[in-house]
Amino acid sequence: MPKRYYLTTPIYYVNSVPHAGHALTMMVCDATKRHRELRGEEVVFLTGTDENGTKVAEAAAAAGETPQAFTDRISQAFVEAWRKLDFQYDDFIRTTEPRHHAAVQRLFDILREKGHVYMGSYEGWYDVSAETFVREADLVDGKSPDGNEVRWVSEENYFFRLSAFGDPLLAHIEQNPEFLQPEGRRNEVISFIKQGLRDMCITRANPGWGIPVPGDDSRVIYVWFDALINYLAATGWPEAGWEDLWPCDVHWMAKEIFTRFHATLWPAMLMAADLPLPRTVIAHGWFTFGEGGKMSKSKGNVINPDDLIQKFVEAGCQPELAMDAVRWVLARSVPYDNDTNFTEDSIERIYNADLANDLGNALNRALNMAHKFVGGQIPDAEPEADLVAAIAEAKAKVADAFDRHRIDEAADGAIGLVRFLNKYIDTRAPWALAKSEDPALGAVMLSILLGLRASEALVRPFIPHAADAMAKQLNLAPLTDYDAIGTPASLPAGTKLNNPEPMFPRLERAKPEPKPAAAPAEKAEKKEKPKRGLPEPAPEVSIDEFFRFDLRVARIIEAERAEGSDKLMKLQVRVGDIQRQIVAGIAKQYAPEDLIGRQVVVVFNLKPAKLMGLDSQGMIMAADGPDGGAILLEPDKEAPEGSRVH
RNA sequence: GGCGAAGUAGCUCAGUUGGUUAGAGCAAACGGUUCAUACCCGUUAGGUCGCCGGUUCGAGUCCGGCCUUCGCUACCA
């Protein structure tokens with residue numbers, strides 16, 4: 001079997017419900033699939049849900065459900081959401097399926113046999129919620145940097161020898177410019193790898209949910225290690241026949257899971273197993289919602305695809321066309337290097353300009369003219385040369401944009417033909433030709449209709465139902481062959497045209513609110529931003545917990561700036577008769593000569609650390625200054641050196 | 001702190017290897033048209049291309065420095 005074009009979205013983690021961000025990735029893949037199929041290619045589009053992980057087991061327990069019932073329910077929510085946008089994936093993989101389990105265990109075995117997976121021990125803090133290990137130094141008030149609860153774990157686990165793949169990965173990235181995109185992200189990966197990859201712990205104690213390590217039921221495979229393998233599992237690997245899909249042509253995803261997972265861990269896993277690497281791994285940016293705000297459920301500014309569809313239905317769209325309107329707006333807004341603002345305002349503007357004013361109106365006016373001027377049928381005439389040229393140009397532009405994975409440009413290329421068509425209509429003015437009974441009328445009307453027919457096919461990957469509606473109004477079967485676009489055969493003379501029916505009613509928009517005074521006010525607000533409120537109170541601790549900190553009065557006897565750092569000061573302090581070196585981030589506020597001889601308070605039993613290659617045995621206590629700088633604490637009068645501070 | 005990206009019209013962005021008067025879409029003003037969904041078409045206005053310096057006959061483009069924003073990353077607290 002010949003190789004088929006294979007593209008994927010990530011599998012979505014079942015801890016959240018579908019939102020516009022997921023829909024964006026889906027849209028990009030769905031449009032790509034439909035476009036390539038128009039060009040006669042066989043395409044397989046994979047999506048699915050990620051359902052393993054300790055967190056899922058715990059979330060299910062919290063919801064009073066079995067993990068299976070819980071994941072069935074959430075997974076179904078994604079299926080439903082995608083049905084409402086008519087995303088035509090060919091396969092939906094769930095990581096709880098036997099085919100996935102089989103592939104994961106097989107790959108694990110292969111890596112273990114080849115010596116890329118070894119048993120090691122891990123002792124340290126574990127963030128259950130994020131399912132990641134947290135270094136001691138990164139703990140904040142006994143919690144992970146994200147504020148999650150951590151627990152101390154001490155266990156033997158399997159490790160993947162990721163560290164061995166840095167150089168091969170860099171070489172591959174170097175030799176394959178198309179591998180990682182866009183370029184900015186590619187650079188990010190290169191610098192990430194260059195600073196050294198660490199082996200990765202890829203198993204966890206078995207919580208009764210997940211994929212057991214082959215031959216060792218006491219452990220399950222780490223959810224990320226397992227999740228990535230879905231792309232391979234869906235090809236049927238390791239059973240025969242997978243080569244007609246693998247290697248994958250494109251893995252699409254949002255930027256946050258690009259660098260560490262899809263651009264580093266996953267290719268390393270494949271290399272380790274001697275499997276081919278995907279041709280292209282590409283990340284899009286995020287939607288932001290409103291005034292520079294990130295997508296945030298608490299702000300209530302998240303735009304839900306369902307609500308958007310509803311909005312267009314209320315505006316008067318047929319349900320299927322309302323769905324298309326959402327699809328179009330998504331495709332036109334795909335962020336690449338930067339994030340993009342996705343707001344009611346931008347959505348309405350895109351809809352009105354492209355779909356209502358340009359596309360909808362072009363179809364409507366053309367059909368009206370055909371009924372009035374040429375008897376409501378497709379004239380028997382030759383299309384005019386500049387119109388034919390415009391179609392060819394648009395075809396090439398759309399195909400090229402898709403080949404470069406620029407979905408927004410492809411949509412622009414498609415609607416560009418419609419814009420040209422509106423100008424052409426005005427320039428050739430069929431109503432004037434009709435009035436003067438000019439013989440060019442037939443050719444002009446034929447050209448206009450041919451332009452519409454071509455537009456139908458070019459917008460089809462984005463708005464398939466609108467394309468069908470266009471074909472129906474032209475009384476023709478849908479045009480589904482890219483090569484036929486713009487040909488006389490695509491528009492048989494004599495075809496009786498149907499009556500025009502508006503597809504996308506214009507959205508009436510509130511007049512843009514006049515806010516000349518708003519700009520300076522905004523600026524002022526931004527400048528005053530540093531005056532933040534009282535810092536959040538830390539969680540309550542008991543007196544016993546407090547006494548675990550051994551605070552002492554110490555005297556600074558030497559001070560010098562740490563080489564190569566403008567923040568760090570290297571200090572020698574005396575605590576009673578003990579001398580210690582402490583490295584502190586106070587060099588911006590204090591000069592060495594200000595410090596020598598001073599009494600300060602130090603944390604005496606802090607775990608030693610290395611900063612800029614210097615040992616630091618303790619910490620100097622200081623208050624946060626208004627600019628974030630340190631203000632040293634000093635006893636009110638000379639205190640006995642080494643005395644405890646309570 | 002390090003690395004990277006971005007900074008071009010009111011908004012969103014395009015500007016190839018340096019080469020005339022810096023472009024598009026949206027928004028605005030004006031005009032035109034009547035086939036059409038108050039739409040479409042045209043014209044106009046609007047830019048010291050973040051700032052400073054350099055290379056060059058010539059810089060949005062190349063080089064150096066700085067500022068701002070964002071991302072990644074190290075560290076500090």
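Numbered from 1 within each chain, the chains take letters A, B, ... in sequence-line order.
In this structure, Phe192(A) atom CZ and G71(B) atom C1' are separated by 14 Å, rounded to whole Å. Rounded to whole Å, atom P of A74(B) lies 12 Å from atom CD of Glu188(A). Spacing between atom CZ of Phe420(A) and atom P of G42(B) amounts to 11 Å, rounded to whole angstrom units. One atom, CZ of Phe342(A), and another, C1' of C11(B), lie 17 Å apart when rounded to the nearest Å. Per the geometry, CG belonging to Asn422(A) stands 10 Å off P belonging to G42(B), to the nearest Å. One can place CG of Asp408(A) at 11 Å from C1' of A14(B), the figure rounded to the nearest angstrom. Rounded to whole angstrom, the span from the CG atom of Asp358(A) across to the P atom of C26(B) amounts to 7 Å. Atom pair Arg406(A):CZ and G15(B):C1' shows a separation of 14 Å (rounding to whole Å applied).
The listed nucleotides are G4(B), C3(B), A36(B); the one nearest the side chain of Asn187(A) is G4(B). The side chain of Pro502(A) lies closest to U37(B), out of U37(B), C26(B), C39(B). For Arg419(A), the side-chain atoms get nearest to G25(B) when compared with the rest of C39(B), G25(B), G4(B).
Remark: side-chain polar atoms of Asn475(A) are paired, donor with acceptor, to backbone N or O of Lys496(A) under 3.5 angstrom.
Note on residues 312-327 of chain A: pairs passing salt bridge (Lys or Arg N to Asp or Glu O under 4.0 Å), not counting sequence neighbours, are Asp30(A)-Arg327(A). Residue pairs meeting the salt bridge (Lys or Arg N to Asp or Glu O under 4.0 Å) criterion with at least one member in residues 433-455 of chain A, sequence neighbours excluded, are Arg453(A)-Glu456(A). Applying the salt bridge (Lys or Arg N to Asp or Glu O under 4.0 Å) rule to pairs touching residues 414-423 of chain A yields Asp358(A)-Arg419(A), Asp412(A)-Arg419(A), sequence neighbours excluded. Residue pairs that meet the ring pair (Phe, Tyr, Trp, His ring centres under 6.0 Å) test with at least one member in residues 395-424 of chain A, sequence neighbours left out, are His35(A)-Phe402(A), Phe402(A)-Phe462(A).
A search for side-chain contact (heavy atoms from CB on, under 4.5 Å) contacts involving Glu178(A) returns Gln181(A), Arg279(A), Thr280(A), not counting sequence neighbours. In terms of the side-chain contact (heavy atoms from CB on, under 4.5 Å) criterion, residue partners of Met619(A) (sequence neighbours excluded) are, by chain and number, Val603(A), Leu606(A). With sequence neighbours excluded, the residues satisfying side-chain contact (heavy atoms from CB on, under 4.5 Å) with Glu256(A) are Ala254(A), Trp286(A).
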Considering only nitrogen or oxygen atoms on both sides, find all protein atoms under 3.5 Å from nucleotides 31-35 of chain B and state each distance.
from: C35(B); atom 1: O3'; to: Lys372(A); atom 2: NZ; distance (Å): 3.2
from: C35(B); atom 1: O2'; to: Arg365(A); atom 2: O; distance (Å): 3.4
from: C35(B); atom 1: O2; to: Arg365(A); atom 2: NE; distance (Å): 3.0
from: C35(B); atom 1: N3; to: Arg365(A); atom 2: NE; distance (Å): 3.3
from: C35(B); atom 1: N3; to: Arg365(A); atom 2: NH2; distance (Å): 2.6
from: C35(B); atom 1: N4; to: Arg365(A); atom 2: NH2; distance (Å): 3.1

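At the phosphate of C70(B), neither OP1 nor OP2 sits under 4.0 Å from any side-chain N or O atom of Arg185(A).
For the pair Arg186(A) and Phe179(A), the cation-pi test (distance below 6.0 Å, angle within 45°) is failed.
Heavy atoms of Pro430(A) sit nowhere under 4.0 angstrom from any nucleic acid atom.
Across U17(B) and A5(B), the matching P atoms stand 15 Å from one another, rounded to whole Å.
Consecutive pairing runs in RNA chain B reach the stem threshold at B:1-7 with B:67-73, B:10-13 with B:23-26, B:28-32 with B:40-44, B:50-54 with B:62-66, where a stem means at least three Watson-Crick or G-U wobble pairs with distances under 3.5 Å.
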